[in-house]
Amino acid sequence: MTSFIKNAILFTVAVVLIPLSVANRHTVSLSLNPFDPQDPRLTVPDIPLFWVIFASLGVGIVVGGIAVWAKQGRWRKEARSKRREAAKWHKEADQLREMQTTSQPAGGVKGLTGPGSRTAA
């Protein structure tokens, strides 16, 4: 089922990206200097427009991912703290369980005996 969903998503992306690439295949000059666009040192000549579009989408995805990862740092720190605390309590519970099994009285009697068949009234 997951492979079907993955293939359906990939097919949808391909249906969108292939016509976008074909429609924007003419070449452009990419200038990286906003103050002097004619500067040849910071200009990439004759690059297909769809490469510029895909590169900007890729950079946006990477920058957005880094921003989300950084923003969720507080929650990851809290999860690590809770995980350590849970491990500490599990270890203590295991130690208490082990102590209880080793301190059982001989003869199969567990703890104190009950009051018998007496009633409270």
Side-chain angles (χ1 to χ4, degrees):
M1 183 66 176
T2 57
S3 65
F4 173 74
I5 293 172
K6 184 174 96 173
N7 288 337
I9 291 172
L10 288 176
F11 179 74
T12 306
V13 169
V15 165
V16 172
L17 291 182
I18 291 172
L20 182 69
S21 300
V22 171
N24 294 302
R25 67 178 182 258
H26 59 279
T27 59
V28 294
S29 293
L30 178 64
S31 178
L32 301 175
N33 187 352
F35 302 112
D36 186 13
Q38 303 304 325
D39 186 11
R41 293 175 293 178
L42 295 175
T43 302
V44 180
D46 300 331
I47 184 170
L49 180 60
F50 71 91
W51 284 10
V52 175
I53 294 170
F54 293 160
S56 63
L57 285 173
V59 168
I61 289 170
V62 168
V63 169
I66 290 171
V68 168
W69 179 80
K71 191 156 180 86
Q72 292 175 350
R74 182 179 79 195
W75 302 112
R76 286 192 308 276
K77 182 178 178 182
E78 184 178 341
R80 280 192 304 269
S81 170
K82 298 291 184 186
R83 198 175 312 124
R84 273 188 243 113
E85 185 178 352
K88 180 182 94 171
W89 290 117
H90 281 293
K91 182 179 177 182
E92 185 175 334
D94 290 340
Q95 288 173 347
L96 289 173
R97 201 172 294 122
E98 185 179 318
M99 284 176 34
Q100 183 183 11
T101 57
T102 58
S103 67
Q104 289 292 329
V109 178
K110 295 182 180 179
L112 297 174
T113 58
S117 63
R118 296 187 306 174
T119 59

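Along the sequence shown, residues carry numbers from 1. On a predicted model such as this, the values are computed, not experimentally measured, just so you know.
- If you take CE on Met99 and CD on Glu92, they are separated by 9.5 Å, rounding to the nearest 0.5 Å.
- Distance check: Arg41 CZ to Ser31 OG gives 11.5 Å after rounding to the nearest 0.5 Å.
- Using a 4.0 Å cut-off between a side-chain N of Lys or Arg and a carboxylate O of Asp or Glu, Arg97 and Asp94 qualify as a salt bridge.
- Under the 4.5 Å side-chain heavy-atom criterion for grouping Ile, Leu, Val, Met, Phe, Trp and Tyr, Val13 is connected to Phe50 within one hydrophobic cluster.
- Atom OG in Ser21 sits 8.0 Å away from atom CD1 in Ile53 (nearest 0.5 Å).
- Put simply, the side chain of Thr27 never gets that close to the backbone of Asp46: no donor and acceptor are under 3.5 Å apart.
- Here the CG-CZ distance, from Asn24 to Phe54, works out to 8.0 Å after rounding to the nearest 0.5 Å.
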List, one per line, each side-chain donor-acceptor pair under 3.5 Å for residues 59-73, sequence neighbours excluded.
none

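- Here Glu78 contributes atom CD and Glu85 contributes atom CD; the two are 10.5 Å apart, rounded to the nearest 0.5 Å.
- In the hydrophobic cluster analysis, where Ile, Leu, Val, Met, Phe, Trp and Tyr join through side-chain heavy atoms closer than 4.5 angstrom, Trp51 is grouped together with Leu57.
- Under a 4.5 Å side-chain heavy-atom criterion applied to ILVMFWY residues, the cluster that includes Phe11 comprises Val15 as well.
- Val52 and Val16 are members of different hydrophobic clusters when ILVMFWY side chains are connected at heavy-atom separations under 4.5 Å.
- Residues Ser29 and Pro45 approach most closely at OG-CA, 3.9 Å, considering heavy atoms.
- Leu42 is connected to Val28 through a chain of hydrophobic side-chain contacts under 4.5 Å among Ile, Leu, Val, Met, Phe, Trp and Tyr, so both are in one cluster.
- A distance of 10.5 Å separates NZ of Lys82 from CH2 of Trp75, quoted to the nearest 0.5 Å.
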### Task
Please report the C-alpha distance between Leu49 and Arg25 in whole Å, then the side-chain angles of each, then the deciding distance to 0.1 Å, and finally whether the side chain to side chain contact (heavy atoms under 4.5 Å, CB included) criterion is met.
CA-CA 6 Å; Leu49 180 60; Arg25 67 178 182 258; over 6 Å; no

### Query
Under the side chain to side chain contact (heavy atoms under 4.5 Å, CB included) criterion, do Glu98 and Leu96 qualify, and how do the steps go?
CA-CA 5 Å; Glu98 185 179 318; Leu96 289 173; over 6 Å; no

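- Taking a 6.0 Å sphere around NE2 of His90, one finds it holds 12 or fewer heavy atoms contributed by other residues, nucleotides or ligands.
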